[in-house]
Amino acid sequence: MKQFLLALLCIVLINKVMGQYTLRLVVNEVATKKLDDIYVAGTFNNWNLRDEKYKLKPMGTTRRGLVLKDIAGGKYEFKFSRGSADKVETTAKGEVLPNHEVTVTEDISKDFNIAGWKDDYPDKPKPYTATPQVKIIDTAFVIPQLNRTRRIWAYLPKGYETSKKSYPVIYMHDGQNLFNEQTAPFGEWQVDESVDSIIKKTGREAIIIGVDNGGDKRMNEYNPYDHAKFGKGEGNQYVDFLALTLKPFIDKKYRTLKDSAHTFIAGSSMGGLISLYAVVKYPNVFGGAGIFSPAFWTAPAIFDEVEKASWGRAFKRFYFYAGGQEGQDMVPDMDKMIAIIERKGQYETQRIMVPLGKHNEAAWRKPFADFYSFIIR
């Protein structure tokens, strides 16, 4: 018996030393739509708003909750929703709430009341904020590799129509969020305004191509590997689409500098992951990447993939950005990847880490401008 108790104590102590804790999130009261399913989305599941593994379960007659076991110590952000961006929690007046935050240093339980939902309140019309340089190429561009269609955006520098020059091109994911507040669920990046300003100051011009994400297919399309939680990875096919279908179309339609030294790719979170993968798979197509808050935790195989990659004598540029408050693995994973790239040679990297940085669209506006200035020479 003593040996059993000693072994049990050792297990408990080891778990504490390794930082494995239990986080209990309990919703005591919901003001409206009381019977609907409620989900937790946060830094621990890459902000997946409809993750069945993070759906609240009944706790007694009226309360519901979620118990997260064996999570690492650290700071986490999260929000409650009913499964989509238009159904997130709000105040009783319909005001947007900041993300909940919890710092886990021990087993902890947190109680919440949900005063309202976003769809309880009619949305005020969002303004159309894209500048005249932004055009929609197609609302249903065919992705033959995935048998789907997608909206494609193009930003052309102000002087494009009157010049005869050719331009570098940056391909970007999550096109909904890049140019137009009207289509951006959580705020736009203001890519067009940023590039306008940079061109005015420096004369460094480029074409930006935005590809909308696939909504509920985003996690699959931006991951080249199968994932136990998020399902089958479709990143291989998506990258094939960018390199073999979309780029040839853009090169034919616009005056572009077609070589890899003038072709780049960028995205945030899962978009950062798939951007790096695109350079690894097609080093002769993409000469560099903007990797913002990369979700490497969803695809640990990417580290070996980059280690084994060969881009020959082709010179690559990588811009990395991460916020210090985006989870305890964000910065270490980023630095691990940078170290792998630096061992390979033939590279130039820029690393930006903002200690108080968080995961949101507005946080990426300045880093995008820095990335653009770094990549477009």
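Along the sequence shown, residues are numbered consecutively beginning with 1.
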Could you tell me if [Y] and [X] have a donor-acceptor pair between their side chains, going purely by distance under 3.5 Å?
{"X": "Gln350", "Y": "Asp370", "value": "no"}
{"X": "Asn223", "Y": "Glu234", "value": "no"}
{"X": "Asn28", "Y": "Thr62", "value": "no"}
{"X": "Ser293", "Y": "Glu326", "value": "yes"}
{"X": "Tyr225", "Y": "Glu305", "value": "yes"}
{"X": "Glu193", "Y": "Thr131", "value": "no"}
{"X": "Asn45", "Y": "Lys53", "value": "no"}

Closest approach of [X] to [Y] (non-hydrogen atoms, all atoms of both residues):
{"X": "Pro283", "Y": "Ser310", "answer": "CG-O, 3.8 Å"}
{"X": "Ser275", "Y": "Ala289", "answer": "O-CB, 4.1 Å"}
{"X": "Asn46", "Y": "Ala295", "answer": "OD1-CB, 3.9 Å"}
{"X": "Arg64", "Y": "Val30", "answer": "NH2-CG2, 4.3 Å"}
{"X": "Ala154", "Y": "Tyr254", "answer": "CB-OH, 3.9 Å"}
{"X": "Ala130", "Y": "Asn180", "answer": "N-OD1, 4.0 Å"}

Do [X] and [Y] form a cation-pi contact, if we require the NZ or CZ to be under 6.0 Å from the six-membered ring centre and within 45 degrees of the ring's axis?
{"X": "Lys135", "Y": "Trp153", "result": "no"}
{"X": "Lys336", "Y": "Phe303", "result": "yes"}
{"X": "Arg343", "Y": "Tyr347", "result": "no"}
{"X": "Arg255", "Y": "Tyr160", "result": "yes"}

- [ ] Determine the sole option in Tyr238, Tyr277, Phe292, Phe241 for which the ring-ring contact (aromatic ring centres under 6.0 Å, His included) test with His173 is passed.
- [x]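 Only one option passes, and that is Tyr238.
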
When you compare the side chain of [Y] with that of [X], does any pair of heavy atoms fall below 4.5 Å?
{"X": "Met337", "Y": "Glu342", "answer": "no"}
{"X": "Phe296", "Y": "Leu276", "answer": "yes"}
{"X": "Val195", "Y": "Phe179", "answer": "no"}
{"X": "Ile198", "Y": "Asp196", "answer": "no"}
{"X": "Pro168", "Y": "Ile376", "answer": "yes"}
{"X": "Ile152", "Y": "Ile136", "answer": "no"}
{"X": "Glu95", "Y": "Thr90", "answer": "no"}
{"X": "Lys87", "Y": "Lys118", "answer": "no"}

Spell out, as yes or no, whether a donor-acceptor pair under 3.5 Å connects the side chain of [X] to the backbone of [Y].
{"X": "Lys93", "Y": "Gly116", "answer": "no"}
{"X": "Asn220", "Y": "Lys232", "answer": "yes"}
{"X": "Arg204", "Y": "Ser373", "answer": "yes"}
{"X": "Thr263", "Y": "Val169", "answer": "no"}
{"X": "Asp212", "Y": "Gln176", "answer": "yes"}
{"X": "Trp117", "Y": "Thr32", "answer": "yes"}
{"X": "Ser81", "Y": "Gly83", "answer": "yes"}

Distance (rounded to the nearest 0.5 Å) between [X] [atom1] and [Y] [atom2]:
{"X": "Ile265", "Y": "Ile209", "atom1": "CD1", "atom2": "CD1", "result": "12.0 Å"}
{"X": "Leu66", "Y": "Lys110", "atom1": "CG", "atom2": "NZ", "result": "15.5 Å"}
{"X": "Asp107", "Y": "Lys69", "atom1": "CG", "atom2": "NZ", "result": "11.0 Å"}
{"X": "Glu221", "Y": "Asp216", "atom1": "CD", "atom2": "CG", "result": "9.0 Å"}
{"X": "Arg218", "Y": "Ile274", "atom1": "CZ", "atom2": "CD1", "result": "11.0 Å"}
{"X": "Met270", "Y": "Asn48", "atom1": "CE", "atom2": "CG", "result": "10.0 Å"}

Are [X] and [Y] joined in one hydrophobic group, where the rule is that I, L, V, M, F, W and Y side chains link up if heavy atoms are under 4.5 Å apart?
{"X": "Leu146", "Y": "Tyr222", "result": "yes"}
{"X": "Ile375", "Y": "Ile352", "result": "yes"}
{"X": "Phe371", "Y": "Phe286", "result": "no"}
{"X": "Trp189", "Y": "Leu273", "result": "no"}
{"X": "Ile199", "Y": "Ile207", "result": "no"}

Taking the six-membered ring for Trp, is the centroid-to-centroid distance between [X] and [Y] below 6.0 Å?
{"X": "Tyr167", "Y": "Tyr155", "result": "no"}
{"X": "Phe80", "Y": "Tyr39", "result": "no"}
{"X": "Phe44", "Y": "Tyr54", "result": "yes"}

Worked verdict on Ser260 versus Asn284 for side-chain hydrogen bond (donor to acceptor under 3.5 Å, both in side chains)
CA-CA 6 Å; Ser260 65; Asn284 295 325; 5.8 Å; no

For [Y], is there an ion pair with [X] - N to carboxylate O distance below 4.0 angstrom?
{"X": "Lys247", "Y": "Asp251", "answer": "yes"}
{"X": "Glu348", "Y": "Arg377", "answer": "yes"}
{"X": "Lys79", "Y": "Glu89", "answer": "no"}
{"X": "Asp37", "Y": "Arg50", "answer": "no"}

Candidate pair Asp335 and Arg351, rule salt bridge (charged side-chain N to carboxylate O under 4.0 Å, His left out), full reasoning
CA-CA 9 Å; Asp335 288 343; Arg351 173 194 184 274; 2.6 Å; yes

Requested in this report: Could you check whether the rings of Phe368 and Tyr372 sit parallel, tilted or perpendicular, using 30° and 60° as the cut-offs?
Outcome: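 Because their plane-to-plane angle lies in the 30° to 60° range, the rings of Phe368 and Tyr372 count as tilted.
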
query: Hey, is NZ on Lys158 packed in by over 12 heavy atoms from elsewhere, all under 6.0 Å?
result: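 It does not: Lys158 NZ has 12 such atoms or fewer within range.
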
Should Asp36 and Arg82 be marked as a salt bridge (charged side-chain N to carboxylate O under 4.0 Å, His left out) after you check the CA-CA gap, both sets of side-chain angles, and the distance that decides it?
CA-CA 7 Å; Asp36 286 8; Arg82 295 187 352 269; 2.9 Å; yes

Exercise for review: Run the numbers on Gln182 and Thr129 for side-chain hydrogen bond (donor to acceptor under 3.5 Å, both in side chains), then give the verdict.
Suggested key: CA-CA 7 Å; Gln182 204 170 74; Thr129 60; over 6 Å; no

Using the rule side chain to side chain donor-acceptor pair (under 3.5 Å), only one of Asp240, Thr245, Asn236 pairs with Gln145; which is it?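 It is Thr245; the other options fail the test.
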
